[in-house]
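The block underneath contains the structure these notes are about, expressed in structure tokens.
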Amino acid sequence: MPSHSVLRPTIGTFATGLSTQMRVIGALLLRELHTRYGRENIGYLWLIGEPLMLASVMALLHTGGHTAYGSDIKPLPFIVIGYTTYIMFRGIVNRSDSALTANAPLLYHRMVTIFDIVVARALLEAAGTFLAYTVLMVLLWSLGLVSPPARPLYLYAAEALMFWYALGNAMIIASITFHNRTVERLVHPYSYFMIPLSASFYQVSMVPQPYRAWLMLVPLPHIMEMARYGQFNSATLDYCSPWYVVGACMVLTWVGLVTMRIYRNKVHLN
């Protein structure tokens, strides 16, 4: 067994490296925030302004609905939680295709990696969409249109899994699209194509067999079902396998790390 004297330097080196990487990601996040939104008009409030407007439009389209998906699952909160959860995925994926193009000069610095750039962008998108969801749900709750989350931990876990899954996609896309413009043009269609496969606007139980079994091969419906289980008391986890999503995220993360390592050496800085 390794001695304590060997473990201490190893743990210390890891902690130092992690601290350095967190500072790098934090600096990149602030740079991205300032570059994208600046201080004009409403400035940094655009971080939540854009997803809040999109989610509000979807909510307004369903304010007159009377059909419930369950005893306490009304159309308005159902659509809000489904759409805001999905636009986290869409935002992270859509922003990944230009991540290296916009930030390639930063790779001059040895401490900055492709992973740091992608994570910073993903965190910014995730923060914006989650804050937009929170603001909208608090507003609807104050109006008596929705209830507080029945199982908050499951809701937060679903949001975390959505972030991880989207990040895995973004890592692969950011690396490949830097040298392949054809793939870059397919990123936005891909994010829109995933909308009907995400179960954002319907319950998985509504899909008949054998289509339901095929649908469950996609991790997104599992995440949506978990988010609804966290929000609604009558929702169930009958069509949700968290470990399947974790496995898919781990595979995507591994492929993303390998892809970034391959393409890092191909990034030529002028």
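Below, all heavy atoms of this structure are taken into account, side chains as well, without hydrogens, waters or symmetry copies.
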- Query: Is there a path from L186 to I176 through hydrophobic residues (I, L, V, M, F, W, Y) whose side chains come within less than 4.5 Å of each other?
  - Reply: no
- Task: List the atom of S175, the atom of T259, and the distance in Å for their closest heavy-atom pair.
- Result: CB-CG2, 3.5 Å
- Is a side-chain donor or acceptor of R212 paired with a backbone partner of V207 at a separation under 3.5 angstrom? yes
- Would you confirm whether Q231, through its side chain, and S147, through its main-chain N or O, come within 3.5 Å as a donor-acceptor pair? yes
- Please check if the side chain of N94 supplies one atom and the backbone of G91 the other of a donor-acceptor pair under 3.5 Å. no
- Query: With distance as the sole test, does R95 use its side chain to make a donor-acceptor pair with the main-chain N or O of E125 at under 3.5 Å?
  - Reply: no
- Query: Within the side chain of S200, is there an N or O that forms a donor-acceptor pair under 3.5 Å with the backbone of P196?
  - Reply: no
- Message: If you count every heavy atom of other residues, nucleotides or ligands that lies below 6.0 Å from Y244 atom OH, does the total exceed 12?
- Response: yes
- Query: What orientation do F130 and Y133 show, parallel under 30°, tilted 30 to 60°, or perpendicular over 60°?
  - Reply: tilted
- Stepwise, does the side chain to side chain contact (heavy atoms under 4.5 Å, CB included) test hold for R228 with L155? CA-CA 7 Å; R228 290 171 189 139; L155 177 61; over 6 Å; no
- Message: For the backbone of P242 and the side chain of H222, can you confirm whether one donor and one acceptor N or O come within less than 3.5 Å of each other?
- Response: no
- Query: Is a side-chain N or O of T85 found less than 3.5 angstrom from the main chain of G82, in a donor-acceptor match?
  - Reply: no
- What distance do L197 atom CG and L215 atom CG have between them, rounded to the nearest 0.5 Å? 6.5 Å
- Query: For Q203 and F78, what are the C-alpha separation, side-chain angles and deciding distance, and is it a side chain to side chain contact (heavy atoms under 4.5 Å, CB included)?
  - Reply: CA-CA 10 Å; Q203 289 178 306; F78 184 90; 3.6 Å; yes
- Item | Closest non-hydrogen atom pair between A199 and V204, with its separation | CB-CG2, 4.2 Å
- Query: Is it true that a side-chain atom of E159 and a backbone atom of F163 form a donor plus acceptor pair closer than 3.5 Å?
  - Reply: no
- Is there a donor-acceptor pair closer than 3.5 Å between any side-chain N or O of R151 and the backbone N or O of F232? yes
- Item | Derivation and outcome, side chain to side chain contact (heavy atoms under 4.5 Å, CB included), residues L237 and Y154 | CA-CA 10 Å; L237 289 176; Y154 280 91; 3.8 Å; yes
